There are 2 protein chains.
Amino acid sequence: MLHDAVSRIRRFNRAVTAEVGALDTSFLGRGRPLGAARVLNGIGHGRGDVGALRDYLGLDSGLLSRLLRGLEEEGLVVTLPHPSDARRRVAALTEAGRKEFVAYEALSNAQAASLVERFPRAEELLRAMDLVATALGRERIAIEECDPRAATAVSCLTAYYAELGRRLATGFDVALSRDPEAADMMRPRGAFLVALSDGMPIGCVGLKGKGGEVAEIKRLWVCPSARGLGLARRLMRAAEDAARDLAITTLQLDSNSALTEALQLYRRTGWVEIERFNDDPYPDFFFEKRV
Amino acid sequence: MLHDAVSRIRRFNRAVTAEVGALDTSFLGRGRPLGAARVLNGIGHGRGDVGALRDYLGLDSGLLSRLLRGLEEEGLVVTLPHPSDARRRVAALTEAGRKEFVAYEALSNAQAASLVERFPRAEELLRAMDLVATALGRERIAIEECDPRAATAVSCLTAYYAELGRRLATGFDVALSRDPEAADMMRPRGAFLVALSDGMPIGCVGLKGKGGEVAEIKRLWVCPSARGLGLARRLMRAAEDAARDLAITTLQLDSNSALTEALQLYRRTGWVEIERFNDDPYPDFFFEKRV
DNA sequence: GCATATGTCTGACCTAAGTCAGATAAATCG
DNA sequence: CGATTTATCTGACTTAGGTCAGACATATGC
């Protein structure tokens with residue numbers, strides 16, 4: 001190793017602090033203190049609920065209140081009582097506020113784009129950034145249910161199919177496989193779960209119901225930068241919880257011998273090998289588990 | 001790609017801001033504002049000269065002066081006039097100041113260690129952090145002359161030998177090669193240059209003088225995370241500048257056909273192939289350039 | 001319906017951080 | 001030598017950011 005771990009991390013901290021500081025400085029260019037800009041951005045990103053905004057930004061209630069009043073005086077924000085609980089308030093951007101928000105987004109995007117542009121090995125850099133972000137944000141990975149046709153789900157599935165294509169000796173064509181209907185992977189028949197790290201989808205799993213007490217696990221995938229963190233296990237546990245919730249008692253899945261980590265995971269978490277239960281051309285391993 | 005580049009970078013920014021913020025918070029635990037802690041750390045890291053400290057921390061002269069006075073009142077720092085210029089002042093840590101400095105270092109090291117500890121794929125993470133730090137700190141890569149036996153030089157050379165061992169079909173044993181004497185790569189005979197990114201050595205090149213007008217380029221190396229940035233070219237240019245400065249008119253070098261990027265660089269920057277000029281077992285390509 | 005809990009706001013504070021215009025003293029140039 | 005430049009310090013000021021106690025209105029449990 002060139003340098004010990006600690007000094008490498010400290011060098012990283014310095015480099016990154018300088019870069020993030022540059023972004024803050026460019027935000028100041030719009031003539032508003034950073035705090036107000038952050039509030040405006042929070043609202044723009046859908047955190048209109050004052051309480052949610054406070055948690056997200058980690059601000060004192062008095063301080064946030066004052067910042068909101070400032071933005072209201074600027075004509076960028078309006079706050080209204082929450083429709084179902086008049087104690088709570090919801091902030092929303094006005095037309096002018098939306099324009100300001102877009103301007104801040106543009107600054108932020110420009111900074112990101114310039115970073116990629118001035119570094120020749122962009123994809124490698126982005127991959128490294130993903131890995132670091134995942135490592136740092138490990139405690140904040142959330143598993144959520146979503147529609148398997150939603151953008152977050154589709155981005156995972158696309159990566160999943162691409163990886164199968166690379167790893168299976170036969171390649172992989174989703175049209176030849178038994179692609180489940182979206183409705184089978186949604187309540188009340190089944191479920192589709194994605195793992196989100198700070199909003200970015202980094203893994204998924206589908207629970208494909210058949211209407212009865214037996215369901216199938218499909219599409220288990222974890223993005224490369226998040227492997228080795230026990231995320232697949234967490235996703236499987238969440239899928240089993242969903243199955244219990246749907247009164248499903250038996251889970252089945254098929255897999256391929258090229259996917260060694262997956263087979264290892266199944267064997268270690270109570271799955272038992274069973275006879276082939278479909279005529280899909282790709283799988284050559286079949287498992288079952290009672291929940 | 002899972003997500004577009006911009007949102008990947010923005011996720012990275014958020015993750016890293018939270019981590020750096022955690023370090024700042026732990027620094028506050030020592031009951032001193034962050035500014036004062038940074039000054040103390042700057043002095044501890046050898047930036048005692050008040051002017052240098054101001055540049056390093058980017059502080060206003062009045063503000064730094066006040067922070068220094070505060071640390072003096074705490075008994076952590078003493079400032080003395082510069083020995084050769086009584087206008088300038090030099091700050092130094094007292095015994096108590098050194099203790100505080102060590103405590104801050106320990107906090108910083110603990111944070112770094114805990115990061116590595118809670119992520120199972122530590123070496124991969126560190127490599128990713130190196131790459132990101134190099135990309136972000138690209139404009140701040142400095143080339144400096146140093147003793148080839150100094151720690152910075154040795155860490156580069158060790159990595160260089162290891163890489164030769166991996167890449168040459170024959171392996172590489174430095175004892176069998178014509179290892180230059182350190183004195184040949186130091187003024188007044190030659191020079192040894194290292195590239196430093198925020199203090200971390202990431203590349204080197206040696207200029208081995210023979211006392212006359214001919215000198216040899218040796219040990220050109222760039223660490224993997226910094227490749228593709230044109231650093232080798234910059235190092236070579238710096239070595240040529242040093243050669244001119246030493247009244248050297250002809251440069252020679254030997255290389256191996258396995259080192260394709262290096263050969264390409266030489267051909268593109270005015271080097272011409274010549275006859276073998278030594279009996280070193282490893283090289284099979286020989287170049288010359290007039291400066 | 002009343003007591004209590006919850007969510008937000010207001011006023012009165014405080015501190016860290018930074019700016020700027022001189023003051024001061026030492027070095028340097030002609 | 002005197003004039004100018006350089007390095008640092010001091011005092012007066014500003015701003016951003018944050019804390020805290022209580023006010024106020026609305027919801028919730030009994």
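Note that the coordinates shown come from a computational prediction; the quantities given were computed from them, not determined experimentally. Naming: A, B, ... by sequence-line order, numbering from 1 per chain.
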Exercise. So, are Arg10(B) and Glu105(A) salt-bridged, with charged N and O less than 4.0 Å apart?
Worked result: yes
For this session: Check whether more than 12 heavy atoms from other residues, nucleotides or ligands sit under 6.0 Å from atom CZ of Arg233(A), and answer yes or no.
Result: no
For this session: Please report, rounded to the nearest Å, how far the P atom of dC9(C) is from the CG atom of Leu80(A).
Result: 12 Å
Exercise. Tell me: CG of Leu67(A) to C1' of dG18(D), nearest whole Å?
Worked result: 10 Å
Exercise. Which pairs with one or both residues in residues 68-91 of chain B pass side chain to side chain donor-acceptor pair (under 3.5 Å), sequence neighbours excluded?
Worked result: Arg32(B)-Glu74(B), Asp49(B)-Arg88(B), Glu72(B)-Thr79(B), Thr79(B)-Arg89(B), His82(B)-Ser84(B), Asp85(B)-Arg87(B)
For this session: Decide yes or no for Leu115(B) and Ile9(A): does some side-chain heavy atom of the first lie under 4.5 Å from some side-chain heavy atom of the second?
Result: yes
For this session: Please list residues of residues 35-52 of chain B whose heavy atoms come under 4.0 Å from any atom in DNA chain C, ordered by number; otherwise none.
Result: Gly35(B)
Exercise. From dG18(C), dA16(C), dG7(C), pick the nucleotide closest to the side chain of Arg88(A)?
Worked result: dG7(C)
Exercise. Can Arg187(B) and Asp147(B) be counted as an ion pair, charged N to O under 4.0 angstrom?
Worked result: no
For this session: Using only heavy-atom distances, decide whether a donor-acceptor pair under 3.5 angstrom links the side-chain of Arg66(A) to the base of dG18(D).
Result: no
Problem set entry | Check against side chain to side chain contact (heavy atoms under 4.5 Å, CB included), Val50(A) and Val90(A) | CA-CA 6 Å; Val50(A) 172; Val90(A) 182; over 6 Å; no
Exercise. Considering only dG18(D), dC20(C), dT10(C), which nucleotide approaches the side chain of Leu63(A) most closely?
Worked result: dG18(D)
Exercise. Which pair of non-hydrogen atoms, one from Pro120(A) and one from Leu229(B), has the smallest distance, and what is that distance?
Worked result: CD-CD2, 3.5 Å
For this session: Could you tell me whether the side chain of Ser197(A) and the main chain of Met200(A) form a donor-acceptor pair under 3.5 Å?
Result: no
For this session: Taking the side chain as every heavy atom from C-beta outward, state whether Leu131(A) and Phe119(B) have any pair of such atoms under 4.5 Å apart.
Result: yes
For this session: Taking only heavy atoms on the protein side, list every residue of residues 20-28 of chain A lying under 4.0 Å from any atom of DNA chain C, sorted numerically.
Result: none
Exercise. To the nearest Å, how far apart are Leu53(B) CG and dA7(D) P?
Worked result: 15 Å
Distances under 3.5 Å between nitrogen or oxygen atoms of protein and nucleotides 22-24 of chain C:
none

For this session: Would you classify Leu34(A) as touching base, sugar-phosphate or nothing, given that sugar-phosphate means primed atoms plus P, OP1 and OP2, and contacts are heavy atoms under 4.0 Å?
Result: sugar-phosphate
Exercise. Within this structure, what is the NE2-to-C1' distance between His82(A) and dT28(D), rounded to whole angstrom?
Worked result: 16 Å
For this session: Before accepting this row, confirm whether a basic side-chain N of the pair Asp241(A)/Arg244(A) lies closer than 4.0 Å to the acidic partner's carboxylate O.
Result: yes
Exercise. Centres of the Phe101(A) and His45(A) rings: under 6.0 Å?
Worked result: yes
For this session: Look at atom CZ of Arg121(B) and say whether more than 12 heavy atoms of other residues, nucleotides or ligands are closer to it than 6.0 Å.
Result: yes
Atom pairs, N/O to N/O, protein against nucleotides 27-30 of chain C, distance under 3.5 Å?
residue : atom : partner  : partner atom : Å
dA27(C) : OP1  : Ala86(B) : N            : 2.9
dA27(C) : O4'  : Arg87(B) : NE           : 3.4

Exercise. Which sits closer to the 5' end of DNA chain D, Val90(B) or Gly58(A), going by the nucleotide each is nearest to?
Worked result: Val90(B)
Exercise. How long is the line joining CG of Leu68(B) and P of dC9(D), in whole Å?
Worked result: 6 Å
For this session: Scan Leu59(B) against the nucleic acid and name what it touches under 4.0 Å (heavy atoms): base, sugar-phosphate only, or nothing.
Result: sugar-phosphate
Seminar exercise, completed: To the nearest angstrom, the CZ-C1' distance between Arg89(A) and dA27(D) comes to 16 Å
Exercise. Has Arg54(B) got a side-chain N or O lying under 4.0 Å from the OP1 or OP2 atom of dT8(D)?
Worked result: yes
Exercise. Rounded to whole angstrom units, what separation is found between the CG atom of Asp55(B) and the P atom of dT6(D)?
Worked result: 15 Å
Problem set entry | Side chain Thr17(A), main chain Asn13(A), donor-acceptor under 3.5 Å | yes
Exercise. Starting at CG of Asp60(B) and ending at P of dT10(D), how long is that distance when rounded to a whole Å?
Worked result: 14 Å
Exercise. Are a donor atom and an acceptor atom from the side chains of Arg11(B) and Thr134(A) found within less than 3.5 Å of each other?
Worked result: yes
Exercise. How far does CG of Leu59(B) sit from CZ of Arg38(B), to the nearest 0.5 angstrom?
Worked result: 6.0 Å
Which atom pairs link the protein and nucleotides 1-3 of chain D when you take only N or O atoms and keep those under 3.5 Å?
none

Exercise. So Thr152(B) and Glu144(B), side chain to side chain contact (heavy atoms under 4.5 Å, CB included) or not? Walk me through it.
Worked result: CA-CA 11 Å; Thr152(B) 47; Glu144(B) 283 179 15; over 6 Å; no
Seminar exercise, completed: Output for pair (Leu207(A) CG, Leu246(A) CG), nearest 0.5 Å, gives 6.5 Å
